[in-house]
Protein chains: 2
Amino acid sequence: MARTIEFDRNEVLENAMNTFWNNGYSMTSIPNLVDSTKLNPGSIYSAFKSKEGLFLETLEFYGLNSVSQLKQYFDDSSSPLSAIEAFLKGIVDKCKSTDKRGCLIVNSILEMASHNDAVQAKANLQLQAVEDELVKGLQQAQAMGELSADKNPADLAKFLMVNIWGLRVMAKTNPDAQSADIVLKQILEALHH
Amino acid sequence: MARTIEFDRNEVLENAMNTFWNNGYSMTSIPNLVDSTKLNPGSIYSAFKSKEGLFLETLEFYGLNSVSQLKQYFDDSSSPLSAIEAFLKGIVDKCKSTDKRGCLIVNSILEMASHNDAVQAKANLQLQAVEDELVKGLQQAQAMGELSADKNPADLAKFLMVNIWGLRVMAKTNPDAQSADIVLKQILEALHH
DNA sequence: GGTTATATTGAATGCTCATTCAAGTAATAT
DNA sequence: ATATTACTTGAATGAGCATTCAATATAACC
């Protein structure tokens with residue numbers, strides 16, 4: 001009855017995500033996206049409605065990926081607390097690498113959230129999903145006696161989120177190779193104390 | 001011999017700073033700056049060379065202000081550690097307020113640093129100046145016995161910087177009124193433990 | 001008060017952008 | 001095969017941008 005869509009939506013989202021992640025929203029042009037997605041302007045607009053529409057779907061794609069990576073840490077680790085530690089170590093390793101892109105969600109919040117309610121809402125949702133996973137993990141750790149009983153998992157998760165955001169900023173500042181490790185050590189102390 | 005400049009450079013910088021701070025660099029247009037500085041395009045270009053030139057001077061203006069505010073905390077407080085605590089509390093209070101602008105330097109690093117070496121360099125310099133002040137304060141606190149002798153002031157300052165950056169991100173996420181306090185409590189515990 | 005050097009003005013320039021749309025194309029259902 | 005429906009194409013559109021510049025104004029010095 002009708003012609004079928006030729007492109008793979010996830011592949012397009014991944015390419016668009018990398019472009020937005022490298023350049024930020026404002027500094028990504030439609031011609032940039034045409035290059036990276038191999039879609040013509042018309043196709044982008046018919047599939048995603050607008051540059052903002054594509055961006056919002058990109059943010060969701062990124063957020064779902066992030067949460068499933070975190071869940072993977074819980075599945076792959078011997079205990080909830082060691083999963084969280086491995087997750088933090090992964091972020092620190094990115095800090096030390098040549099990848100200076102930080103976190104797409106954090107970058108987007110700082111760039112756009114105060115001017116774009118849809119971005120604000122979507123980004124907050126994705127951050128909350130990560131925080132919720134951390135709370136669950138910390139609760140399990142506490143139930144297992146891995147985490148001190150006098151800690152409040154919800155409060156500690158908030159503290160970890162702030163430190164993760166801070167590390168994402170640090171990744172953008174060209175830190176010494178050791179700076180991120182020095183900070184990680186202190187975050188872990190707060191976790192274990 | 002020649003006509004004199006009519007505008008006050010600091011006043012212009014403060015107005016430009018607020019505009020950039022509210023909107024970000026990319027989303028601030030020359031017409032916006034013409035509005036806020038009351039300078040015509042030609043005057044902006046003759047005084048600051050370009051939009052980027054004005055922005056860089058604005059960043060420096062902001063950074064100098066930040067450092068002198070921090071120094072003021074040291075002057076006004078009864079001890080170095082209580083000065084640092086008051087400084088952190090000031091950031092947390094901004095988190096809870098309606099001012100969702102965060103920190104101009106952090107915002108600018110996330111928006112531009114990977115594409116603009118001059119901004120990267122200037123921003124890193126300003127952050128380093130704050131970190132240096134924190135190190136000095138923590139060293140004094142340690143000398144006075146206010147800070148545990150087994151702490152490393154340089155390491156602790158890095159940790160505080162990461163937490164400050166994280167709080168700046170938090171300010172942009174529409175946090176609960178209490179979230180920032182919950183985090184502050186844990187930062188202070190790390191400081192005192 | 002005339003001269004000179006510099007500041008100010010704001011319209012003009014040329015560019016790039018997000019978005020649209022008319023024309024072309026292909027897959028399915030009959 | 002053909003009709004139908006929907007996807008793809010990429011040039012065109014119009015708006016807004018950063019920057020320039022020729023004209024104008026003015027302060028300081030002689």
Side-chain angles (χ1 to χ4, degrees), chain A residues 1-59 107-108 111-113 115-119 122, chain B residues 1-59 107-108 111-113 115-119 122:
Chain A
M1 205 144 109
R3 190 173 172 178
T4 52
I5 283 189
E6 283 175 8
F7 61 88
D8 179 278
R9 197 172 183 92
N10 277 344
E11 203 175 296
V12 165
L13 283 173
E14 184 169 346
N15 289 326
M17 176 189 79
N18 281 312
T19 308
F20 282 126
W21 199 358
N22 287 327
N23 306 336
Y25 180 79
S26 296
M27 293 175 74
T28 297
S29 67
I30 296 292
N32 292 154
L33 292 165
V34 168
D35 280 355
S36 65
T37 63
K38 318 286 188 206
L39 254 45
N40 285 309
S43 293
I44 293 178
Y45 279 80
S46 86
F48 301 100
K49 225 180 117 145
S50 64
K51 182 183 168 187
E52 186 189 320
L54 172 55
F55 182 69
L56 286 168
E57 201 159 325
T58 278
L59 266 190
N107 297 354
S108 304
E111 182 182 353
M112 316 180 59
H115 285 82
N116 187 316
D117 291 344
V119 169
K122 180 84 70 178
Chain B
M1 208 142 104
R3 188 173 173 178
T4 54
I5 284 188
E6 283 176 8
F7 61 87
D8 178 278
R9 198 172 183 92
N10 277 344
E11 203 175 295
V12 165
L13 283 172
E14 184 168 346
N15 289 327
M17 178 189 80
N18 281 313
T19 308
F20 282 126
W21 199 358
N22 286 328
N23 305 336
Y25 180 80
S26 296
M27 292 176 74
T28 297
S29 68
I30 295 291
N32 291 154
L33 292 164
V34 167
D35 280 356
S36 64
T37 63
K38 318 284 188 207
L39 255 44
N40 285 310
S43 294
I44 293 178
Y45 279 81
S46 87
F48 301 100
K49 227 182 113 139
S50 63
K51 182 183 168 186
E52 186 189 321
L54 171 56
F55 182 67
L56 285 168
E57 202 159 326
T58 278
L59 266 190
N107 297 355
S108 303
E111 181 182 354
M112 315 178 62
H115 285 82
N116 188 316
D117 291 344
V119 168
K122 180 85 69 179

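As the structure is a prediction and not an experimental result, all values here were calculated from the model. Numbered from 1 within each chain, the chains take letters A, B, ... in sequence-line order.
- Counting only residues at least two apart or in different chains, salt bridge (charged side-chain N to carboxylate O under 4.0 Å, His left out) contacts with residues 39-59 of chain A comprise A/Arg9-A/Glu57.
- Remark: A/Glu6 pairs with A/Arg3 by the salt bridge (charged side-chain N to carboxylate O under 4.0 Å, His left out) rule, at least two apart or across chains.
- Identified under the ring-ring contact (aromatic ring centres under 6.0 Å, His included) test for residues 21-44 of chain A, with sequence neighbours left out: A/Phe20-A/Tyr25, A/Trp21-A/Tyr62, A/Tyr25-A/Phe55.
- Contacts of A/Asn40 classified as side-chain hydrogen bond (donor to acceptor under 3.5 Å, both in side chains), with partners at least two apart in sequence or in another chain: none.
- Rounded to an integer number of Å, the gap from CZ of A/Phe7 to C1' of D/dT9 is 14 Å.
- The shortest heavy-atom contact between A/Leu54 and A/Ile44 is CD2-CG2, 4.2 Å.
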Quick test: give all pairs of protein nitrogen or oxygen and nucleotides 22-25 of chain C nitrogen or oxygen below 3.5 Å, distance rounded to 0.1 Å.
unit_1: C/dG24; atom_1: N2; unit_2: A/Arg3; atom_2: NH1; d: 3.3
unit_1: C/dT25; atom_1: O2; unit_2: A/Arg3; atom_2: NH1; d: 2.8

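- Taking the side-chain contact (heavy atoms from CB on, under 4.5 Å) definition, one finds that A/Ser26 meets it with A/Glu111, B/Ser26, B/Met27, sequence neighbours left out.
- Listed by chain and residue number, B/Thr19 satisfy the side-chain hydrogen bond (donor to acceptor under 3.5 Å, both in side chains) test with B/Ser36 (two or more places apart in sequence, or in another chain).
- Summarising the geometry, the separation between CD on A/Glu6 and P on D/dT8 is reported as 5 Å, rounded to the nearest angstrom.
- In this structure A/Thr37 satisfies the side-chain hydrogen bond (donor to acceptor under 3.5 Å, both in side chains) test with no other residue, sequence neighbours excluded.
- For B/Arg9 and C/dT8, the CZ to P distance is 11 Å, given to the nearest whole Å.
- Within residues 47-54 of chain A, the residues having any heavy atom under 4.0 Å from DNA chain C are, by residue number, A/Ser50, A/Lys51.
- For the contact set between residues 23-45 of chain B and DNA chain C, defined by any heavy atom under 4.0 Å, the members are B/Asn40, B/Pro41, B/Gly42, B/Ser43.
- Under the rule for a side-chain contact (heavy atoms from CB on, under 4.5 Å), B/Asp117 has no partner lying at least two apart in sequence or in another chain.
- In this structure, the side-chain contact (heavy atoms from CB on, under 4.5 Å) partners of A/Ser29, at least two apart in sequence or on a different chain, are A/Pro31, A/Asn32.
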